[in-house]
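To keep things clear, I will list the structure first and then write my remarks on it.
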Amino acid sequence: MSTLNPQLQSIFDEVLRRNAGELEFHQAVREVFDSLGPVVEKHPEYLEASIIQRICEPERQIIFRVPWVDDSGTVQINRGFRVQFNSALGPYKGGLRFHPSVYLGIVKFLGFEQIFKNSLTGMPIGGAKGGSDFDPKGRSDAEVMRFCQSMMTELHRHIGEYTDVPAGDIGVGGRELGYLFGHYKRLTNKYESGVLTGKGITWGGSRVRKEATGYGTVFFVDEVLRSHGDSFDGKRVVVSGSGNVAIYAIEKVHDLGGTVVACSDSSGFVVDEDGIDLALLKEVKEDRRARLSEYAEARDVPLTSNGSIWDVPCDVALPCATENELSEQDAVSLVKNGVRIVAEGANMPTTPGGIKAFKEAGVLFAPGKAANAGGVATSALEMQQNASRDSWTAEHTEARLAEIMRDIHHSCAETAEEYGAPGDYVLGANIAGFTRVADAMLAMGVI
Ligand code: GLU
């Protein structure tokens with residue numbers, strides 16, 4: 001972490017004081033503040049209008065009880081959240097996460113990141129995030145349905161096509177979005193397709209949305225490689241996770257000629273030197289919702305449960321699991337083994353110490369708010385299709401996604417250059433994302 005200029009430091013101190021105990025939120029704010037020094041020097045009007053203080057304070061935070069009945073007839077109580085962070089650029093937009101670790105600090109870190117990520121896509125979407133500490137693991141479809149219906153019973157008052165448009169995140173995929181949409185439709189008596197994204201293709205979803213976050217991350221890396229006269233051809237790649245982001249990152253790396261040799265889940269990681277067998281991985285993870293040990297058994301490769309996937313040597317590392325999964329020690333190990341590019345498919349997977357280690361070693365590091373923006377960008381394409389009652393082909397949608405990722409890479413690289421730090425994608429992403437939101441807020445007065 002660098003030293004902040006005195007004005008940014010005092011705003012940061014106030015953020016710590018007002019949001020006590022929300023460690024992930026502090027980390028996400030600090031990462032952005034570390035890039036803003038040269039911006040406020042060049043644009044004192046942002047400080048004069050208290051833009052930065054306002055960006056750090058969500059426009060609205062909703063916390064509610066989610067009661068539901070499990071299969072044995074017992075009443076369960078979870079906590080639901082929706083943090084509507086910033087609507088300067090468009091309706092609030094961001095996913096819902098269902099995971100036992102969810103609390104206000106996680107939702108706020110994700111919502112804060114989403115503001116800048118959504119801004120970088122160039123699409124008209126504000127920033128939000130939500131979720132619950134509900135754990136879908138081991139729950140029957142009927143339990144997940146009752147939980148989603150109860151969640152929507154409260155959430156429906158706060159969302160809408162022009163207000164706030166949730167989508168998926170960890171623990172929320174096609175099944176959950178189906179139950180959520182069905183209940184919203186019933187409560188409102190409206191077929192309001194644009195209220196949620198990530199829907200199924202037959203009921204208002206977009207082609208390529210499911211694949212978009214993973215594909216987009218790989219398209220971003222492809223741009224990084226191209227700008228250095230290189231390509232994925234023959235590259236050895238490690239992808240952490242084996243959820244929606246990881247699976248489609250692996251698919252696109254293989255399409256582009258690289259080989260993904262390792263992936264993981266919460267039980268450990270597998271190394272498959274011939275390249276991850278994607279059809280098998282999809283069957284285990286998407287169809288059976290099973291553990292990676294079933295993949296390891298079927299392929300006769302070892303599952304390592306007490307080690308780090310980041311000790312596996314590679315040219316390109318794509319952390320696609322969850323926040324703070326790649327520590328400083330992991331970064332040092334990757335650097336020692338010759339990694340050249342790291343791109344975050346997950347949100348904030350690299351710790352501040354890890355980012356510093358990559359920077360010092362000259363590794364090209366693409367932060368999540370740029371590298372994983374393809375998911376939400378394709379959500380915005382889904383909103384476009386819903387608004388025009390249209391449905392695009394996979395080819396057209398994927399071409400739009402690729403173009404958006406190229407534009408994001410270009411604006412990060414150009415901004416980094418403009419601020420005298422060529423190749424610093426963290427600085428470029430933070431400044432480019434921030435500036436668009438800040439200028440819109442300035443134009444709209446004190447809101
Ligand atoms: N949860 C995803 C993200 O982190 C997607 C959000 C969306 O599509 O609205 O960007």
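FYI, side chains are in, hydrogens and waters are out, and symmetry mates aren't considered; it's all heavy atoms of this structure.
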Between Asp13 and Arg17, does the salt bridge (Lys or Arg N to Asp or Glu O under 4.0 Å) criterion hold? Intermediate values first, please. CA-CA 6 Å; Asp13 291 341; Arg17 194 187 65 75; over 6 Å; no
Hey, does the side chain of Glu328 reach the backbone of Ala357 with a donor-acceptor pair shorter than 3.5 angstrom? no
Distance (rounded to the nearest 0.5 Å) between Ile52 CD1 and Glu57 CD: 15.0 Å
Kindly compute the distance separating OH (Tyr425) from CZ (Phe220), expressed to the nearest 0.5 Å. 5.5 Å
At what distance, to the nearest 0.5 angstrom, does CZ of Phe25 lie from CD of Glu113? 11.0 Å
Cationic N near anionic O, under 4.0 Å, Lys199 to Glu382: yes
Report yes or no: is the cationic atom of Lys108 (NZ for Lys, CZ for Arg) closer than 6.0 Å to the six-membered ring centre of Phe81, at no more than 45° off its axis? no
Do Asn244 side-chain atoms and Gly173 backbone N/O form a donor-acceptor pair below 3.5 Å? no
Mark yes or no for whether Thr378, through its side chain, and Arg209, through its backbone, hold a donor-acceptor pair below 3.5 Å. no
Does any N or O in the side chain of Arg340 come within less than 3.5 Å of the main-chain N or O of Leu225, such that one atom is a donor and the other an acceptor? no
Between Glu41 and Asn5, is there a side-chain donor-acceptor contact under 3.5 Å, judged purely by atom types and distance? no
Asp424 and Lys359: which non-hydrogen atoms are nearest, and at how many Å? OD2-NZ, 3.4 Å
Treating Glu59 as the side-chain partner and Ser87 as the backbone partner, does any N or O pair qualify as donor plus acceptor under 3.5 Å? yes
Starting from the C-alpha separation in whole Å, work towards a yes-or-no answer on salt bridge (Lys or Arg N to Asp or Glu O under 4.0 Å) for Arg236 and Glu273. CA-CA 10 Å; Arg236 201 181 143 90; Glu273 289 292 343; 2.8 Å; yes
With a sphere of 6.0 Å drawn around CG of Asp287, does it hold more than 12 non-hydrogen atoms of other residues, nucleotides or ligands? yes
Name of the residue among Lys252, Lys210, Arg207 meeting salt bridge (charged side-chain N to carboxylate O under 4.0 Å, His left out) with Glu398: Lys252
Nearest-0.5 Å distance that lies between atom CZ in Arg175 and atom SG in Cys148: 8.0 Å
Which atom names give the shortest non-hydrogen contact between Asp330 and Ser308, and what distance separates them? OD1-OG, 2.9 Å
Shortest non-hydrogen pair, Ser132 vs Asn78, comes out as OG-CB, 3.6 Å
Close side-chain approach of Val221 and Val237, heavy atoms under 4.5 Å: no
Identify the two heavy atoms, one from Val83 and one from Pro58, that lie closest to each other, and give their separation to 0.1 Å. CG1-CB, 3.7 Å
To check you understand the geometry: which heavy-atom pair defines the closest contact between Cys314 and Leu334, and what is its length? SG-CD2, 3.8 Å
Sidechain N-carboxylate O distance under 4.0 Å for Asp222, Arg226: yes
Kindly determine whether Leu326 and Phe358 satisfy side-chain contact (heavy atoms from CB on, under 4.5 Å), including the steps that lead there. CA-CA 11 Å; Leu326 198 164; Phe358 289 137; 3.8 Å; yes
So do Met123 and Ile404 actually touch side chain to side chain, heavy atoms under 4.5 Å? yes
His410, NE2 atom: more than 12 neighbouring heavy atoms under 6.0 Å: no
Reported OG1-to-CD1 distance for the pair Thr322 and Ile106, which is rounded to 0.5 angstrom: 7.0 Å
Kindly confirm or rule out a cation-pi arrangement of Arg79 over Tyr103, judged by NZ or CZ under 6.0 Å from the six-membered ring centre and within 45° of its axis? no
Taking Gly241's backbone N and O only, do any of them form a donor-acceptor pair with Ser264's side chain (distance below 3.5 Å, no angle check)? yes
Kindly compute the distance separating CG (Leu381) from CH2 (Trp392), expressed to the nearest 0.5 Å. 4.5 Å
Between Ile159 and Pro166 the two heavy atoms that sit nearest each other are CG2-CG, 3.8 Å
So, Arg291 and Glu297, do they make that salt bridge, N to O below 4.0 Å? no
Partner set under side chain to side chain contact (heavy atoms under 4.5 Å, CB included) for Ala321, not counting sequence neighbours: Ser240, Glu325
Check the angle between the aromatic planes of Tyr215 and Tyr248 and answer parallel, tilted or perpendicular using the 30° and 60° thresholds. perpendicular
Is the count of non-hydrogen atoms from other residues, nucleotides or ligands lying under 6.0 Å from Arg139 atom CZ greater than 12? yes
Quick check: does any side chain N or O of Ser333 sit under 3.5 Å from a backbone N or O of Gln329, one acting as donor and the other as acceptor? no
I would like to know whether Val376 and Ile125 meet side-chain contact (heavy atoms from CB on, under 4.5 Å); could you show each step before the answer? CA-CA 9 Å; Val376 76; Ile125 42 180; 4.0 Å; yes
Any donor-acceptor pair under 3.5 Å linking the side chain of His99 with the backbone of Ser101? yes
Positive for salt bridge (charged side-chain N to carboxylate O under 4.0 Å, His left out) with Asp164, one of Lys93, Arg60, Arg82: Arg82
Looking at Glu403 and Arg406, is there a salt bridge between them, counting it only when a charged N and a carboxylate O are closer than 4.0 Å? no
Aromatic ring pairing Phe112/Phe116, orientation class (parallel under 30°, perpendicular over 60°, tilted between): perpendicular
Counting C-beta onward and ignoring hydrogens, is there a side-chain heavy-atom pair between Gln53 and Glu14 closer than 4.5 Å? no
Indicate yes or no for a side-chain donor-acceptor contact from Tyr46 to the backbone of Leu442 under 3.5 Å, with no hydrogens or angles considered. no
Using the side-chain contact (heavy atoms from CB on, under 4.5 Å) rule, take Lys369 and Asn430 through it: C-alpha gap first, then chi angles, then the decisive distance, then the call. CA-CA 8 Å; Lys369 55 172 85 70; Asn430 284 333; 2.8 Å; yes
Quick check: does any side chain N or O of His26 sit under 3.5 Å from a backbone N or O of Asn19, one acting as donor and the other as acceptor? yes
